[in-house]
Structure formats: structure tokens, C-alpha cells
Protein chains: 2
Amino acid sequence: MEITPLKNYIQTNVDFSEAELDTFCSYFTQKTVSKKDFLLKQGNICRFEGFVIKGCFRLFSLDKEGRENVLYFAIKNWWVTDIDSFTNQKPAHLSIQALEDSEILLINKTNKDRLYTELPKVEQLFRIMTQKTLVSLQRRLIRNHSDSAQERYDHFVTTYPEINQKITDRQVAAYLGITHEFVSKIRNKRMQKKIE
Amino acid sequence: MEITPLKNYIQTNVDFSEAELDTFCSYFTQKTVSKKDFLLKQGNICRFEGFVIKGCFRLFSLDKEGRENVLYFAIKNWWVTDIDSFTNQKPAHLSIQALEDSEILLINKTNKDRLYTELPKVEQLFRIMTQKTLVSLQRRLIRNHSDSAQERYDHFVTTYPEINQKITDRQVAAYLGITHEFVSKIRNKRMQKKIE
DNA sequence: TCAAAATGTTGAACAAGTTCAACAAAGGAT
DNA sequence: ATCCTTTGTTGAACTTGTTCAACATTTTGA
């Protein structure tokens, strides 16, 4: 099992001893997920929290018109779960699908609860992680209001070049909340050339 | 000092003894904030985390065109802070302003750090709080992509009637990411009548 | 390897929401 | 009470992004 990336990730957030790191990692199991396979489908209960080792996932939800809205993409060193579904063991709003052949470390609810009681510092780790995620989501929400589609596309591409290179324009569009046709028009800056 | 609302709030989230509740609350101080006064201005360092007792605040940021984007409104039982600025003691992205004469309980960084070490359960409390906030923000982001301005307005008004009644249409517009003129047109459903 | 499916491109017509301006109404401060 | 500022309303012209359709290109699966 590839635990090194997980250990490295934890160390960037909290101060764990080598023994604590081992305890932490011992509760995870590695899983291989093929391209297009689902880790979770909207409506099912999310039984895991996952740390991506390799590959790429998308977390999305279907709206009433049947359109897929992407919450985020996860490559190596990102976490994936439907927090609400996982912590309260109720039906998920989100679906999680592999966009490439991927490797992921998973922990189930029982083991995560054990971790919280056995290793109190784990509370701190997940509090800090969740805070960071919240801050970036707050900024993304505000950017969605203040920036044009063009600006949001440019921001995505420059902020996440590694992700951009793994996914299709249709997926970027579903993340930005615009149509894939418009992404195409943004990319080939024909619209700007017309103005010139 | 009015600590009852804070105690009640904590009990809905974690299992604290009466003694723990008292310890927790002892680190807070009450402050009266007049309408239009700022608790925090963008660029300054956020020195507090606050629990609203009475009144109403808005948390917003100015974009490059000078427009105010509202992240959220906070009435009684809501928390207000710029998390990133508070936890890392760096300049804030957000401004926090009272929209009414308000009462708020504040805790500073030193005391919050003391709380984390003296009362380990506080880690759990804030992890759970942050998780809940994250889940609702994730859903709001997706709604912003899938719903029309009309639908988002209706959702806001029915979800937060108490807030809606305290604020102006201009503030709602800044929260929804649309112009106040368009909110006016949505409210007086003239646009729909034209279609009929 | 070949057919089928998914992806990307482009244009024209359209819809949703913005901008600007002008005015009415309501609230605050003195 | 009164002036001044803020808020809400409405219309017309405009901009941004959507929809639909047609086609080219790439990828995938058997």
C-alpha cells in the first residue's frame, strides 16, 4: 500500500509522531478504480473518505434539468467524500467518478470514528483541513459573482494546470457553470479578434 | 453578559458538561455594535471570532470594479469571522459590518488557542461547525450554477425569512450576485405578466 | 481495425441579466 | 418639519452567455 503520500500530506498540516502517522495510516485500505467507474452515486450512502494517490476524480451533482454540475476535481493529494452523507450516513447529494484509472486510499466510518477517539490530534487535522477547504470555497463563490466566464476560465487554467491537462473542456465547463460551447469560444479567442 | 444563547448553541452540536460550557463561555466578551459600524475591514487582521446575540451583520468583499459581494448575513446564533485572517493572523479578504444595532460575543486568538488546549472537545465542536458550513456552501455554489436568478431569490426568501426581513433588496442582490434593479424586476413579477 | 460514441468548433437566433438614466418613495439627521 | 441621502421602480438599449444544429475530429470499445 502506498502510504507515503498520505504521511507527507498529514505532516504539512499537523505535528504527528512517526508512530501516530503509522496508526493513522493503518486504518486505510488502497483501492484501484478504473476510468468511468463510480466510487459513489447520488442517493446512496457514502461509506468512505478517500485520499487520492494517482489519477483523477470528479465530484458532481445532477440538477433538475439533468445537467451535471462539478463541485471539484481531485487529483493526487486531494480528498474525496460527500461529507454530509459520510458523517451522518444519509443519502448523498454528490456522485464521485474516476476520469482516469486511479488509485485511492479509503477509510470507512467505523475506522474514522476510532481514529478520532484513539488519536485526538485527528480532530485538529480534519478541522484545519476543513477550514482550508471552506476558505477556498468562499473565495470561489465570490469569484463566481465578480468575474466573467473568460476570467473564471483563465483563473482555473492557471491555478490548476495539472488538473486542466487531465480533463475535457466539457468537464471544465461543468465546473465553471457555463456551456461547453462557450468554453470553446473562449479558448479560441475569436470573439476577441472580432472586436479588434 | 448574555451567555445563554451561546450555551444553547454549543449543546446542539457537542456534548459538554455544565462546567465545560462555563469554561468555554468565560473566554468571550460581549460587545455592542452600532448600525453601520465595522467589526472588520478588508486588509486589516481579524482579531476575533464572534457569536451574534442580537441584530444583523453582513460579511462582504469588494471586487476590482468596486462592487460589494456579500458572502453571507449573520443574525442571532450565527458566527462571524474571516477564518483565514483570524487563524493565520494575516490581512482579511472580508469586511464585517453591522446592518442594525447589534450585540455580539467575541473571543480573541490567544483565548481561542487556550480553549483548544484546555478543552480538547472544542476541536470537535469547531470541526463539526466548519463541516456544516462547508456543506451548505457547497450546495449554494451548485445552486448558483443550476438555478436562475428568480429561483435563487425565491430560495433565499423562503430559507431565510428572518434575514430577508432585516435587509434591503440591494443587500439581497449583493448576496445573490445580481443587480438590485433585477431584484426589483423579479419581486414585482411584471416580467412574468408580460409573458402571460 | 473499424464503427460508434464522445468531444470540440462554429454560426445564427435567442434569453437572461446588465447598464444607464430618470423619477418616486422612504428614512435619517438636525 | 425639512433637507439630504438611500432605496426602490421602470424602461430602453445593450452585453454576456445559451440553445440548437450541423459538421469535423478524436477516442473508445468490440
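All values reported here derive from a predicted model rather than from experimental measurement. Residue numbers start from 1 in every chain, and the chains themselves are labelled A, B, ... in the order their sequence lines are given, proteins ahead of strands.
The closest donor-acceptor contact from the side chain of B:Asp82 to the backbone of B:His93 lies under 3.5 Å. One N or O on the side chain of A:Gln89 and one on the backbone of A:Cys46 form a donor-acceptor pair closer than 3.5 Å.
For the pair B:Gln171 CD and D:dT6 P, the interatomic distance rounds to 13 Å; values are reported in whole Å. For the pair B:Phe182 CZ and D:dG8 C1', the computed distance is 16 Å after rounding to whole Å. Rounded to whole angstrom, the span from the CG atom of A:Asn144 across to the C1' atom of D:dT16 amounts to 15 Å. In this structure, the NZ atom of B:Lys185 is 14 Å from the C1' atom of C:dA15, given to the nearest Å. The distance between atom CZ of A:Arg170 and atom P of D:dT19, rounded to the nearest whole Å, is 13 Å. Rounding to whole angstrom units, NE2 of residue B:His180 and C1' of C:dA22 are separated by 13 Å. In this structure, CZ of A:Arg67 is placed 12 Å from C1' of D:dG17, rounded to the nearest angstrom. Atom pair B:Leu176:CG and C:dA16:C1' shows a separation of 15 Å (rounding to whole Å applied).
Residue-to-nucleotide proximity on DNA chain C shows that, of B:Asp147 and A:Glu181, the 5′-proximal contact is made by A:Glu181.
In this structure, of D:dG11, C:dG8, D:dG17, it is D:dG17 that holds the atom nearest to the side chain of A:Ile178.
Between the side chains of B:Gln124 and A:Arg127, no donor-acceptor pair is found at a separation under 3.5 Å.
Under 4.0 angstrom from either OP1 or OP2 of D:dT18 there lies at least one side-chain N or O belonging to A:Thr179. OP1 and OP2 of C:dT7 both lie 4.0 Å or more from every side-chain N or O belonging to A:Arg187. Distances shown here put every side-chain N or O of B:Asn188 at or beyond 4.0 Å from the OP1 or OP2 atom of D:dG8.
Residue B:Lys64 places its NZ atom among more than 12 non-hydrogen atoms of other residues, nucleotides or ligands, all under 6.0 Å distant.
Not a single side-chain hydrogen bond (donor to acceptor under 3.5 Å, both in side chains) links B:Arg152 to another residue, sequence neighbours left out.
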Could you go through nucleotides 26-30 of chain D and list every protein N or O atom that sits under 3.5 Å from one of its N or O atoms, giving the distance for each pair?
from   : atom 1 : to      : atom 2 : distance (Å)
D:dT28 : OP1    : A:Lys35 : NZ     : 2.6

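Using a cutoff of 4.0 Å between basic side-chain nitrogens and carboxylate oxygens, A:Asp22 and A:Lys7 are scored as salt-bridged.
Figure legend: B:Lys112 and B:Phe86 shown without cation-pi pairing, the cationic atom not lying both under 6.0 angstrom from the six-membered ring centre and within 45 degrees of its axis.
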